[in-house]
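What follows is a set of notes on a single structure, which appears directly below.
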Amino acid sequence: DLDGVITDTAQYHYLSWKQMADEEGLPFTWEDNHQLRGVSRQRSLEILLKGRSMPDEHKEDMLARKNRYYQEYITQVTPADLLPGVADFLDEARQAGILLGLGSASKNARAVCERLGVIELFDAFGDGYSVVNTKPAPDLFIWVAGRMDLNPRQCIVFEDAEAGIDAALTGGFWTVGIGPEDRLGKAHWIRPGLDGARIDDFPIPAATA
Ligand code: B16
Ligand code: MG
């Protein structure tokens, strides 16, 4: 995953939704924002609207505005925005010959990874354009694994979102939850972040043919 695992763009998503919600007079807090982690832009708006009905045209306008604000924020992203330990962990994995795949719900994932300077590290890159059914459907992670000729049981998904852990478990992947236990309790392993993480911390049994 990208947002919340490799970099913390959750704050930029929040500020963009908040600006749009304030303009519309809709209540929206940082706590509400946790429900939007890993969830597609369209689905996020539905959650934010809490059942309020709106003409489709107005919804499209709200989505476009939120994305404009977000794209403005991510122009600030630099390699210094990699979360602690991420660069070392990705380096260690590559040196060990482990394939790396990105599975983000975001249509802005490519721009963010380019700005972070990590795009070249990935052997497969799945983003908000790759599949129709978004997390918690398993489709994105299965798509990414398939691009690397891997079976889900040969892969570990690192996720900060409950929707992402659900997606990975449904797809048959090993899972590491990055964040608090109350959000990620279903994952095989849970860590607050990747700072100090080593690949041996996540031993998966050899896949059988
Ligand atoms: P966009 P991830 C997700 O990214 C974010 O966590 C989620 O908050 C956002 O709504 C979603 O991407 C879509 O992003 O509006 O840029 O297409 O965590 O799956 O990397
Ligand atoms: Mg995430």
Side-chain angles (χ1 to χ4, degrees), residues 1-21 28-49 59-77 81-83 86 90 100-116 118-119 122 124-144 156-171 173 175-180 183-184 186-187 190-194:
D1 180 46
L2 175 64
D3 295 334
V5 174
I6 290 178
T7 190
D8 189 11
T9 34
Q11 48 164 337
Y12 295 145
H13 281 295
Y14 168 69
L15 291 169
S16 315
W17 283 122
K18 179 74 182 150
Q19 185 172 342
M20 192 281 292
F28 185 62
T29 65
W30 173 247
E31 296 314 311
D32 294 333
N33 193 59
H34 288 312
Q35 294 172 45
L36 311 187
R37 279 179 188 270
V39 175
S40 73
R41 200 180 312 157
Q42 277 76 5
R43 179 80 195 111
S44 297
L45 179 62
E46 297 303 331
I47 293 173
L48 194 148
L49 287 175
K59 284 191 196 168
E60 288 305 321
D61 175 68
M62 291 159 94
L63 290 169
R65 241 185 300 151
K66 184 271 172 181
N67 197 44
R68 268 205 312 279
Y69 302 146
Y70 182 68
Q71 288 182 330
E72 185 61 37
Y73 279 118
I74 61 175
T75 60
Q76 302 169 32
V77 171
D81 292 305
L82 286 173
L83 283 168
V86 168
L90 295 180
L100 297 175
L102 198 279
S104 168
S106 176
K107 292 186 168 161
N108 295 293
R110 199 165 278 279
V112 171
C113 285
E114 272 165 6
R115 298 202 63 85
L116 290 169
V118 295
I119 197 130
F122 294 106
F125 198 94
D127 63 11
Y129 295 101
S130 303
V131 296
V132 171
N133 297 314
T134 52
K135 306 170 190 175
D139 304 32
L140 178 65
F141 294 131
I142 291 172
W143 185 92
V144 173
I156 308 180
V157 170
F158 293 78
E159 256 291 350
D160 70 309
E162 188 179 10
I165 294 292
D166 288 344
L169 290 173
T170 304
F173 293 84
T175 52
V176 179
I178 301 292
R183 190 167 80 220
L184 303 161
K186 288 172 262 179
I190 304 175
R191 291 184 60 102
L194 288 174

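Computed from heavy atoms alone, side chains included, the values below leave out hydrogens, waters and symmetry copies. One-based numbering, in listed order, for ligands and for the atoms of each.
- One of the N, O or S atoms belonging to Asp3 lies under 2.8 Å away from the Mg ion (ligand 2).
- The two residues Ser104 and Asp1 come nearest to each other via the heavy atoms CA-OD1, 4.2 Å.
- Atom 15 (O) of ligand 1 has Arg41 NE, 2.7 Å as its closest protein atom, hydrogens excluded (heavy atom only).
- Residue Leu36 approaches ligand 1 through these ligand atoms, each under 4.0 Å from one of its heavy atoms: 7 (C), 8 (O).
- Taking every non-hydrogen atom of Asn108 and a distance limit under 4.0 Å, the qualifying atoms of ligand 1 come out as 1 (P), 16 (O).
- Residue-level proximity to ligand 1 for Thr9 is absent, since no heavy atom of it falls below 4.0 angstrom.
- The name of the N, O or S atom in Asp160 nearest to the Mg ion (ligand 2) is OD1.
- If you take CG on Asn108 and OH on Tyr129, they are separated by 7.0 Å, rounding to the nearest 0.5 Å.
- Asp3 and Arg37 are not joined by a salt bridge, as no carboxylate oxygen comes within less than 4.0 angstrom of a charged side-chain nitrogen.
- Residue contacts with ligand 1: Ala105 is placed with a nitrogen or oxygen under 3.5 Å of a nitrogen or oxygen of the ligand (distance criterion only).
- Distance from atom 17 (O) of ligand 1 to its nearest protein heavy atom, with residue and atom name: Lys107 N, 2.7 Å.
- On a distance-only criterion, Arg37 and ligand 1 share no N/O pair closer than 3.5 Å.
- A donor-acceptor pair under 3.5 Å links the side-chain atoms of Thr29 to the main chain of Asp32, judged by distance alone.
- The ligand atoms of ligand 1 that sit less than 4.0 angstrom from a heavy atom of His13 are 5 (C), 8 (O), 9 (C), 14 (O), 16 (O).
- Taking 4.0 Å as the cut-off, Lys135 counts as a neighbour of ligand 1 on heavy-atom distance.
- Looking only at protein heavy atoms, the nearest one to atom 6 (O) of ligand 1 is Gly38 N, 2.8 Å.
- With values rounded to the nearest 0.5 angstrom, Ser130 atom OG is found 13.5 Å from Ile142 atom CD1.
- Ion pair Asp127/Lys107 not flagged as a salt bridge, since none of the NZ, NE, NH1 or NH2 atoms sits closer than 4.0 Å to an Asp/Glu carboxylate oxygen.
- Taking every non-hydrogen atom of Ser44 and a distance limit under 4.0 Å, the qualifying atoms of ligand 1 come out as 10 (O).
- Considering each of Ile74, Asn67, Asp1, the one bringing a non-hydrogen atom nearest atom 18 (O) of ligand 1 is Asp1.
- Closest to atom 10 (O) of ligand 1, if we only count protein heavy atoms, is Val39 O, 2.7 Å.
- The shortest side-chain heavy-atom distance between Val112 and Ile6 does not fall under the 4.5 Å cut-off.
- Scanning the protein for heavy atoms near atom 3 (C) of ligand 1, the closest one is Asp3 OD2, 3.5 Å.
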Begin with the C-alpha distance, continue with both residues' side-chain angles, and end with the deciding distance and a verdict on salt bridge (Lys or Arg N to Asp or Glu O under 4.0 Å) for Lys135 and Asp166.
CA-CA 8 Å; Lys135 306 170 190 175; Asp166 288 344; over 6 Å; no
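- Atom numbering of ligand 1 starts at 1 in the shown order; those under 4.0 Å from a heavy atom of Leu2 are 20 (O).
- For the atom pair CD1 of Ile74 and CD of Glu72, the computed distance is 10.0 Å after rounding to the nearest 0.5 Å.
- Shortest contact from atom 20 (O) of ligand 1 to any protein heavy atom: Ser104 OG, 2.7 Å.
- Taking CG from Leu90 and CG from Leu82, the interatomic distance works out to 7.5 Å, rounded to the nearest 0.5 Å.
- Note on ring orientation: taking the six-membered ring where Trp is involved, the planes of Tyr73 and Tyr12 are parallel (angle under 30°, cut-offs 30° and 60°).
- Screening Phe28, Tyr69, Tyr70 for a ring pair (Phe, Tyr, Trp, His ring centres under 6.0 Å) involving Tyr14 leaves a single residue, Phe28.
- Distances from the Mg ion (ligand 2) to each N, O or S atom of Asp1 single out OD2 as the nearest.
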